[in-house]
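Reviewing the structure listed below.
These figures come from a predicted structure and were not determined experimentally. Position 1 is the first residue of the sequence, and the numbers go up from there.
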Amino acid sequence: MERKERITQELSLAKRGFYWGAISGGVLSVIFSVVAIHLTGLLLVLTNISSGKVIDALIGAGAFAICAWPFSIILGVIPGLIVGSVGGIATGLVVMPFRTKISSNTSALIGLLVAISIIVVAHRYLFPGLIEPNRPASIQKNFPYLFWLGGPSLLLLSGMTWVGWKIAE
């Protein structure tokens, strides 16, 4: 009976990791989507002030926001849920052998290390295609990288650290 209880406790950590990882990934990806959509609309309006087309730009920003939400769910929120869940399970599995003698701080550090490993893999395989070599050296050259990997990577670092903390509670 003792072996069965131990296995149940171990699976409990993986389930907690999945649960908290999904919550973290979902919430942070929705926040990122909200900020990105609103900043893009603001940029659209600000770039049209000098030409005197502010009203048109406001209409365009509203239409963009309406059209961007379905795509942000498909391209942002669902992948955020998946990455958060996988990262949470990985954090739970790494914490599992140390479950009796681990503190919340150490578990948070494990979550941070899991996030770093996910980020390293993502940057290794996705980074080369996100820098536009034909543009002059400016923020515009790096914008796809910052939008698709830079911002989400920072959110993943904080999210997986929080997941590690919650697993050990």
Side-chain angles (χ1 to χ4, degrees), residues 16-92 104 107-167 169:
R16 286 173 58 103
F18 175 81
Y19 174 74
W20 290 115
I23 287 175
S24 171
V27 168
L28 291 175
S29 61
V30 167
I31 290 170
F32 184 77
S33 295
V34 167
V35 170
I37 289 171
H38 285 82
L39 284 180
T40 304
L42 180 65
L43 183 65
L44 180 65
V45 172
L46 291 176
T47 56
N48 282 296
I49 289 176
S50 62
S51 65
K53 305 238 180 209
V54 176
I55 301 298
D56 295 338
L58 285 170
I59 293 169
F64 171 76
I66 291 169
C67 294
W69 270 108
F71 290 103
S72 73
I73 291 170
I74 293 169
L75 297 174
V77 176
I78 292 173
L81 287 167
I82 293 169
V83 170
S85 300
V86 170
I89 290 172
T91 303
S104 293
S107 182
L109 179 63
I110 290 171
L112 178 65
L113 293 174
V114 167
I116 289 171
S117 64
I118 292 171
I119 290 167
V120 166
V121 170
H123 282 250
R124 168 70 178 99
Y125 292 106
L126 300 176
F127 174 74
L130 292 177
I131 301 294
E132 296 182 17
N134 298 333
R135 288 194 181 230
S138 70
I139 190 74
Q140 292 176 346
K141 179 179 183 175
N142 298 320
F143 184 76
Y145 164 75
L146 294 172
F147 179 78
W148 291 107
L149 278 180
S153 294
L154 292 175
L155 294 174
L156 183 65
L157 287 172
S158 62
M160 284 296 105
T161 304
W162 179 78
V163 168
W165 182 274
K166 292 297 283 183
I167 284 176
E169 276 188 335

Handout entry: Atom pair OG (Ser104) and CG (Leu109), whose distance is rounded to the nearest 0.5 Å
Key = 12.5 Å

Exercise for the section: Look up atom CG in Leu112 and atom OG in Ser107, then write down how far apart they are to the nearest 0.5 Å. Expected result: 11.5 Å

Problem - Shortest non-hydrogen contact between Cys67 and Pro70, atoms and distance - result: O-CD, 3.3 Å

Exercise for the section: Could you tell me which non-hydrogen atom of Gly25 sits nearest to which non-hydrogen atom of Ser29, and how far apart they are? Expected result: O-OG, 2.8 Å

Problem - Ile167 CD1 to Ile110 CD1 distance, which is reported to the nearest 0.5 Å - result: 9.0 Å

Fill in the blank from the handout: d(Leu156 CG, Phe32 CZ) to nearest 0.5 Å is 12.5 Å

Problem - From CD1 (Ile23) to CZ (Phe18), nearest 0.5 Å - result: 10.0 Å

Below 3.5 Å, can you tabulate the donor-acceptor pairs from side chains in residues 34-50 to any protein atom, sequence neighbours excluded?
{"residue": "His38", "atom": "ND1", "partner": "Val34", "partner atom": "O", "Å": "2.7"}
{"residue": "Thr40", "atom": "OG1", "partner": "Ala36", "partner atom": "O", "Å": "2.7"}
{"residue": "Thr47", "atom": "OG1", "partner": "Leu43", "partner atom": "O", "Å": "2.9"}
{"residue": "Thr47", "atom": "OG1", "partner": "Leu44", "partner atom": "O", "Å": "3.1"}
{"residue": "Asn48", "atom": "ND2", "partner": "Leu44", "partner atom": "O", "Å": "2.8"}

Problem - Nearest atoms (heavy-atom pairs only) where Val114 meets Ala90 - result: CG1-CB, 4.0 Å

Practice task
Just grab all the side-chain hydrogen bond (donor to acceptor under 3.5 Å, both in side chains) pairs involving residues 156-167, residues at least two apart or on different chains.
Solution key: Lys166-Glu169

Handout entry: Minimum side-chain heavy-atom gap Met160-Val163 below 4.5 Å
Key = yes

Problem - Heavy-atom closest contact (Val30 atom, Trp69 atom, distance) - result: O-CH2, 4.4 Å

Exercise for the section: Give a yes or no on whether Tyr19 atom OH has more than 12 heavy-atom contacts from other residues, nucleotides or ligands under 6.0 Å away. Expected result: no

